[in-house]
Participant: 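Below are the structure tokens for one structure; questions will follow.
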Amino acid sequence: MSAAIDRYAPDLLAWFDTHGRHDLPWQHPRTPYRVWLSEIMLQQTQVATVIGYFDRFVDALPDLPALAAAPQERVLALWSGLGYYARARNLHAAARLCVERHDGDLPRDLDALVALPGIGRSTAAAILSQAWGDRHAILDGNVKRVLARYHGIDGWPGAPRVEKQLWALADAHASSPDLPDARLPDYTQAQMDLGATLCTRARPTCLLCPLRGACVAHRDGRTDDLPTPRPGKTLPQREADVLWLEDARGRILLQQRPQTGIWAALWTLPQAEDRDAADAWRDTHVHAPGDGEPLPPIAHAFSHYRLTLHPRRWRAVAPRDDVGDNDTLRWVPSDALDTLGIPAPIRKLLSRAGE
DNA sequence: AAGCCGGGGAA
DNA sequence: TTCCCAGGCTT
């Protein structure tokens, strides 16, 4: 075990210098704010997806005070399509807390970072090690996969017992005297690069791996079995009816979702559990002739259930006299949709506006 | 300990 | 189709 611990960081760093990723947007410049933003965006989201969102976000809100001063609606609009919108709300709230508590800067302290919304142990460690070079171990999906294989750890890494074991190994590696102080940012990045490019979930490229000499899974031919996959479960199926209501000027009636629950605080088409409820909502808000134009169902999968949306479209509807714009209801021109936070499947549906 | 919370890439 | 990804928060 000790030899396996000792070789880990040096072998990894030697590989990183020639084969790691050195040109990611948040590495130039590698400021605490940019590292923080990237870490939040990268939670459960792949690098290729994040890059475009990251560039747009820092272009619009280049530093922490700018983020703290922005209205929530602007932050959600910049996040629109990226998913897990609690990340955006927590990011925004954390920025404002940093202005209150830390003079507008991120704190250089693990516990102070974890005390901010949206930052857990691994994200705090990633920020400290990459932005300041402080010695902290991370344990994200990449590191879990690398360590499970390298040490031959059985069991689903999401299980608390297994996760505790992996944290202990991650800490042991980060504490190695063979990991120089000056190399903590590269060490953290190197682990994520290895997991993302070589030690992938399917078909890892062990032939090119700098750690294969001491890797238990490679030695035992178990790379396809480790890490142990999550126990399976069948997801419940739900249905909903969706109303696409356009007035004579082509504006679309949008409704803001509640502050909690799925798609919290985002703007969507009015939605009901079934057709009768949808028709009832329609008749209390607008005069809409006929049954509407049925559009193809939209299938959308969440991590914990599947949702099938049944949209219908009406054109040239008239609002009832007592129904106008208010806090949670707006008539939105089709060219103004980009300014609002809208769930990806609804935005895709609405991209057909004007037809 | 388990559920909640998006969207997309990969096989 | 199925899995799961640079997770964290709530119950």
Side-chain angles (χ1 to χ4, degrees), chain A residues 20-21 24-27 34-54 76 79-91 93-94 113-127 129-130 137-146 148 156-164 166-167 170 185 188-197 199-204 224 227-236 257-266 268 298-307 341-348:
Chain A
R21 294 178 293 191
L24 296 169
W26 40 91
Q27 297 174 323
R34 291 163 64 89
V35 170
W36 171 40
L37 177 62
S38 73
E39 288 300 325
I40 302 302
M41 284 189 166
L42 287 161
Q43 288 172 358
Q44 303 299 92
T45 311
Q46 296 182 353
V47 168
T49 303
V50 162
I51 288 177
Y53 285 89
F54 179 86
L76 284 175
W79 208 271
S80 186
L82 198 50
Y84 279 114
Y85 299 94
R87 293 184 296 174
R89 287 183 274 113
N90 287 333
L91 180 82
L113 282 172
V114 170
L116 295 170
I119 301 179
R121 178 177 172 186
S122 187
T123 298
I127 293 170
S129 61
Q130 294 188 94
I138 64 165
L139 188 66
D140 59 14
N142 286 314
V143 180
K144 284 178 178 174
R145 186 169 55 253
V146 170
W156 177 51
R161 196 195 101 261
V162 180
E163 188 169 355
K164 186 177 177 182
L166 294 171
W167 265 118
T188 293
Q189 185 65 47
Q191 291 179 93
M192 298 189 283
D193 286 358
L194 186 80
T197 63
C199 196
T200 49
R201 180 164 65 91
R203 298 170 44 112
D224 287 344
T228 307
R230 162 197 283 272
K233 58 183 189 311
T234 60
L235 301 179
R257 305 219 15 124
Q259 296 295 320
T260 58
I262 201 80
W263 292 331
L266 268 61
T268 65
I298 304 167
H300 193 70
F302 298 95
S303 56
H304 49 302
Y305 66 91
R306 300 178 193 286
L307 179 65
I342 299 173
I346 302 298
R347 188 181 292 284
K348 183 180 177 185

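Protein chains get the first letters and strands the later ones, always in sequence-line order, with residue 1 at the start of each. Please read these numbers as outputs of a predicted model, since none were measured by experiment.
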Participant: Remember a base hit wins even if backbone is also touched, and classify A:T123 as base, sugar-phosphate or nothing at under 4.0 Å, heavy atoms.
Facilitator: sugar-phosphate
Participant: Between C1' on C:dA6 and CE on A:M192, what's the gap in Å once rounded to a whole number?
Facilitator: 6 Å
Participant: How many angstroms lie between atom CG of A:L42 and atom OG1 of A:T49, to the nearest 0.5 angstrom?
Facilitator: 9.5 Å
Participant: Counting the atoms with a prime plus P, OP1 and OP2 as sugar-phosphate, which does A:A86 contact under 4.0 Å by heavy atoms, base, sugar-phosphate, or nothing?
Facilitator: nothing
Participant: Looking at A:T45 and A:Q43, would you say the former's side chain and the latter's main chain have a donor-acceptor pair under 3.5 Å?
Facilitator: yes
Participant: For A:R203, which contact category applies under a 4.0 Å heavy-atom criterion: base, sugar-phosphate, or nothing?
Facilitator: nothing
Participant: Looking only at atom P, what distance separates B:dG6 and C:dT11, rounded to whole Å?
Facilitator: 16 Å
Participant: Rounded to the nearest 0.5 Å, what separates atom CZ in A:R257 from atom CD1 in A:I342?
Facilitator: 13.5 Å
Participant: Decide yes or no, distance alone: a donor-acceptor N/O pair under 3.5 angstrom between the base of C:dA6 and the side-chain of A:R87.
Facilitator: no
Participant: So which one's nearest nucleotide on DNA chain B is more toward 5', A:A202 or A:Q43?
Facilitator: A:Q43
Participant: In whole Å, what is the span from the CD1 atom of A:I119 to the P atom of C:dC9?
Facilitator: 9 Å
Participant: To the nearest Å, how far apart are A:D140 CG and C:dC5 C1'?
Facilitator: 10 Å
Participant: Rounding to the closest angstrom, what is the interatomic distance between C:dC5 and B:dA1 at atom C1'?
Facilitator: 22 Å
Participant: Rounded to the nearest Å, what distance is computed from the CD atom of residue A:Q27 to the C1' atom of nucleotide C:dA6?
Facilitator: 12 Å
Participant: Using whole Å, report how far NE2 of A:H300 lies from P of C:dT1.
Facilitator: 15 Å
Participant: Could you pick out which residue, A:P227 or A:V114, lies toward the 5' side of DNA chain C when each is mapped onto its nearest nucleotide?
Facilitator: A:P227
Participant: To the nearest 0.5 Å, how far apart are CZ in A:R145 and CG in A:D140?
Facilitator: 8.5 Å
Participant: Applying side-chain contact (heavy atoms from CB on, under 4.5 Å), run through A:W167 and A:R121 and close with a yes or a no.
Facilitator: CA-CA 10 Å; A:W167 265 118; A:R121 178 177 172 186; 3.3 Å; yes
Participant: Which heavy atom of A:Y84 sits nearest a heavy atom of A:W79, and at what distance?
Facilitator: O-NE1, 3.9 Å
Participant: When all nucleic acid strands are considered with a 4.0 Å heavy-atom cut-off, which category describes A:Y84: base, sugar-phosphate, or nothing?
Facilitator: base
Participant: Provide, to the nearest angstrom, the distance between the NZ atom belonging to A:K144 and the C1' atom belonging to C:dG7.
Facilitator: 8 Å
Participant: Measuring only the C1' atom in each nucleotide, how far is C:dT1 from B:dC5? A whole number of Å is fine.
Facilitator: 22 Å
Participant: Atom CD1 of A:I138 and atom C1' of C:dC5: how far apart are they, to the nearest Å?
Facilitator: 14 Å
Participant: What interatomic distance, in whole Å, is found between P of C:dA6 and the corresponding atom of B:dA11?
Facilitator: 14 Å
Participant: For A:N90 and A:S38, find the nucleotide of DNA chain C closest to each by heavy atoms; which residue's nucleotide sits nearer the 5' end?
Facilitator: A:S38
Participant: For a quick check of understanding: with a heavy-atom distance under 4.0 Å over all strands, which category does A:L266 fall into, base, sugar-phosphate or nothing?
Facilitator: nothing
Participant: Do the rings of A:F302 and A:H300 sit parallel, tilted or perpendicular, given the 30° and 60° boundaries?
Facilitator: perpendicular
Participant: Looking only at heavy atoms, which two atoms of A:G195 and A:N142 are closest? And how far apart?
Facilitator: C-OD1, 3.3 Å
Participant: Indicate, with a heavy-atom threshold strictly under 4.0 Å, whether A:G195 touches base, sugar-phosphate, or nothing.
Facilitator: nothing
Participant: Report the distance from atom CD of A:Q259 to atom CG of A:L266, rounding to the nearest 0.5 Å.
Facilitator: 10.0 Å
Participant: Output the rounded distance in Å from CG (A:D224) to C1' (C:dC3).
Facilitator: 15 Å
Participant: Once you apply a heavy-atom cut-off of 4.0 Å, does A:L82 come out as touching a base, just sugar-phosphate, or nothing?
Facilitator: base
Participant: Select from A:H304 and A:Q46 the residue whose nearest nucleotide in DNA chain B is closer to the 5' end of that strand.
Facilitator: A:H304
Participant: For A:Q189, which contact category applies under a 4.0 Å heavy-atom criterion: base, sugar-phosphate, or nothing?
Facilitator: base
Participant: What nucleotide, of C:dC4, C:dA6, C:dG8, holds the atom closest to the side chain of A:L42?
Facilitator: C:dA6
Participant: Would you grab the first and last nucleotide of DNA chain B (5' to 3') that comes under 4.0 Å of any non-hydrogen atom in chain A?
Facilitator: B:dA1 to B:dA11
Participant: Scan A:V47 against the nucleic acid and name what it touches under 4.0 Å (heavy atoms): base, sugar-phosphate only, or nothing.
Facilitator: base
Participant: Is any side-chain N or O of A:R201 under 3.5 Å from a base N or O of C:dC3, one able to act as donor and the other as acceptor?
Facilitator: yes
Participant: Indicate, with a heavy-atom threshold strictly under 4.0 Å, whether A:R161 touches base, sugar-phosphate, or nothing.
Facilitator: nothing
Participant: What nucleic acid atoms does A:R89 come within less than 4.0 Å of, heavy atoms only: base, sugar-phosphate, or nothing?
Facilitator: nothing
Participant: Compute whether any side-chain donor of one residue and acceptor of the other, for A:N90 and A:R87, lie under 3.5 angstrom apart.
Facilitator: no
Participant: With sugar-phosphate meaning primed atoms plus P, OP1 and OP2, does A:W26 contact a base, only sugar-phosphate, or nothing at under 4.0 Å between heavy atoms?
Facilitator: base
